[in-house]
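By convention here, the first residue in the shown sequence is residue 1.
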Amino acid sequence: MNDIARSGAAASTQVVPNNGLAYTVLGRDAESERVLDAVADHLDEVPSGTVDVVIDDVAPVAARGGVDAAVAFVDRLLERFGGRANQVAIGCSFEGAAELLSRVGGRVDGVVGADADATAAVERLSHEDPTTFGYVRRHWAEAKRGIETCDRNYPQSKQVHAALTDPETTPRTLGATLSGLVTLGALETWGDTVGPTRYDLTAYRPERTWAVGAALEASASEE
């Protein structure tokens with residue numbers, strides 16, 4: 001970071017001549033359209049399909065203006081440059097909202113920074129149990145929200161579901177999603193019972209869940 005970025009002053013463009021790299025530093029309070037205009041300035045001088053556009057991390061946009069604002073920014077990026085860039089990839093830090101990652105992942109050509117181990121686990125699940133994989137890919141963000149909202153340590157899926165407001169899932173589809181998260185190493189079951197499965201929320205791994213989510217969105221954007 002330099003003084004320009006810290007102060008929010010006017011844009012400054014720097015060129016690295018030997019590496020074919022030019023970059024523009026904007027103030028931290030720059031509006032979305034100003035950012036897109038800066039990208040356009042670089043793309044205007046090159047043939048279409050020869051430059052990749054990479055968003056290092058879209059989570060700060062959501063932190064400043066909300067998830068809808070971040071999604072709108074990604075949509076405007078694709079609207080202006082989707083046909084001109086070689087590919088559009090997006091980074092989203094694990095501290096960002098699950099809703100943000102789940103909404104923008106399918107819009108772009110790639111999700112940057114997916115964990116290799118989580119990616120391998122997701123690919124394995126997709127081959128070995130495609131039905132469960134489908135539930136997890138569609139509902140992982142809601143399952144994460146349910147786990148983090150539920151006040152029980154060892155709930156059944158219906159009890160996790162009851163903690164949700166306006167859920168998209170049913171207790172059955174949520175249960176399939178939770179089962180998938182167990183397979184993917186984000187959650188564990190509690191005890192060996194002949195009754196309904198209980199999930200051990202004391203063993204819940206939020207960072208692993210984020211890594212799984214990123215891997216799922218990366219797999220969706222590659223299709």
Side-chain angles (χ1 to χ4, degrees), residues 57-63 66-68 70-71 90-106 111-221:
D57 189 1
V58 75
V61 181
V67 171
D68 287 345
V71 173
I90 186 167
C92 185
S93 61
F94 286 176
E95 292 75 17
E99 179 189 1
L100 171 62
L101 186 58
S102 65
R103 287 175 63 183
V104 302
V111 176
V112 178
D115 178 79
D117 182 70
T119 298
V122 164
E123 291 176 352
R124 190 160 52 247
L125 181 64
S126 71
H127 292 303
E128 296 177 355
D129 190 348
T131 300
T132 298
F133 169 77
Y135 284 124
V136 177
R137 182 163 67 172
R138 181 175 178 181
H139 300 304
W140 73 270
E142 184 163 298
K144 180 180 186 297
R145 182 161 54 88
I147 291 168
E148 295 176 355
T149 303
C150 185
D151 60 2
R152 295 172 179 264
N153 287 334
Y154 308 105
Q156 299 172 15
S157 61
K158 66 180 182 180
Q159 292 167 327
V160 177
H161 188 267
L164 291 164
T165 302
D166 297 325
E168 178 181 329
T169 57
T170 65
R172 184 186 67 81
T173 58
L174 181 63
T177 305
L178 294 172
S179 177
L181 290 178
V182 170
T183 302
L184 293 169
L187 189 62
E188 294 181 10
T189 55
W190 179 72
D192 297 319
T193 65
V194 295
T197 301
R198 290 184 178 272
Y199 297 93
D200 184 357
L201 301 195
T202 69
Y204 168 59
R205 300 171 59 195
E207 291 185 0
R208 176 68 173 188
T209 306
W210 271 119
V212 164
L216 287 165
E217 298 308 327
S219 70
S221 66

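Sorted by first and then second residue, the salt bridge (charged side-chain N to carboxylate O under 4.0 Å, His left out) pairs involving residues 145-154 (not counting sequence neighbours) are Glu142-Arg145, Lys144-Glu148. Identified under the side-chain hydrogen bond (donor to acceptor under 3.5 Å, both in side chains) test for residues 171-180, with sequence neighbours left out: Tyr135-Arg172, Thr170-Thr173. Residue pairs meeting the salt bridge (charged side-chain N to carboxylate O under 4.0 Å, His left out) criterion with at least one member in residues 159-170, sequence neighbours excluded: Arg138-Glu168.
The two atoms that bring Ala59 and Leu100 nearest to each other are CA-CD2, 3.8 Å, heavy atoms only. In plain terms, the two heavy atoms of Val61 and Ala70 that are nearest each other are CG1-CA, 3.8 Å. The two atoms that bring Ser157 and Gly175 nearest to each other are CB-CA, 3.6 Å, heavy atoms only.
From Trp140, atom CH2 reaches atom CZ of Phe133 across 13.0 Å, with rounding to the nearest 0.5 Å. In this structure, Ile147 CD1 and Tyr204 OH are separated by 5.5 Å, a value rounded to the nearest 0.5 Å. Going from atom CZ of Arg198 over to atom OG1 of Thr189 covers 12.5 Å, rounded to the nearest 0.5 Å.
Considering only heavy atoms from C-beta on, Leu164 comes within 4.5 Å of Thr169 through its side chain. Counting only heavy atoms from C-beta outward, the side chains of Thr149 and Val160 never approach each other to under 4.5 Å. Put simply, the side chain of Val136 does not reach to within 4.5 Å of the side chain of Val122, judged on heavy atoms. Residues Leu174 and Pro167 are not in side-chain contact: their nearest non-hydrogen atoms beyond the backbone lie 4.5 Å or more apart. Residues Thr183 and Thr132 have side chains not in contact (no heavy-atom distance under 4.5 Å, counting atoms from C-beta outward). Side-chain atoms of Thr202 and Tyr154, non-hydrogen and from C-beta on, do get closer than 4.5 Å to each other.
Under the rule for a side chain to side chain donor-acceptor pair (under 3.5 Å), Thr131 has no partner lying at least two apart in sequence or in another chain. Legend: residues meeting side chain to side chain contact (heavy atoms under 4.5 Å, CB included) with Ala186, ordered by chain and number and at least two apart, are Leu181, Arg208, Thr209. Every residue two or more places apart in sequence or in another chain that forms a side chain to side chain contact (heavy atoms under 4.5 Å, CB included) with Pro60 is listed here: Asp57. Judged as a side chain to side chain donor-acceptor pair (under 3.5 Å), and not counting sequence neighbours, Asn153 has no contacts. Taking Asp68 as the reference, Arg103 meet the salt bridge (Lys or Arg N to Asp or Glu O under 4.0 Å) condition, with sequence neighbours excluded. Here Glu188 pairs with nothing under the side chain to side chain donor-acceptor pair (under 3.5 Å) rule; sequence neighbours left out. The side chain to side chain contact (heavy atoms under 4.5 Å, CB included) test applied to Ala162 returns no partner, not counting sequence neighbours.
At least one donor-acceptor pair closer than 3.5 Å links the side chain of Gln159 to the backbone N or O of Gln156.
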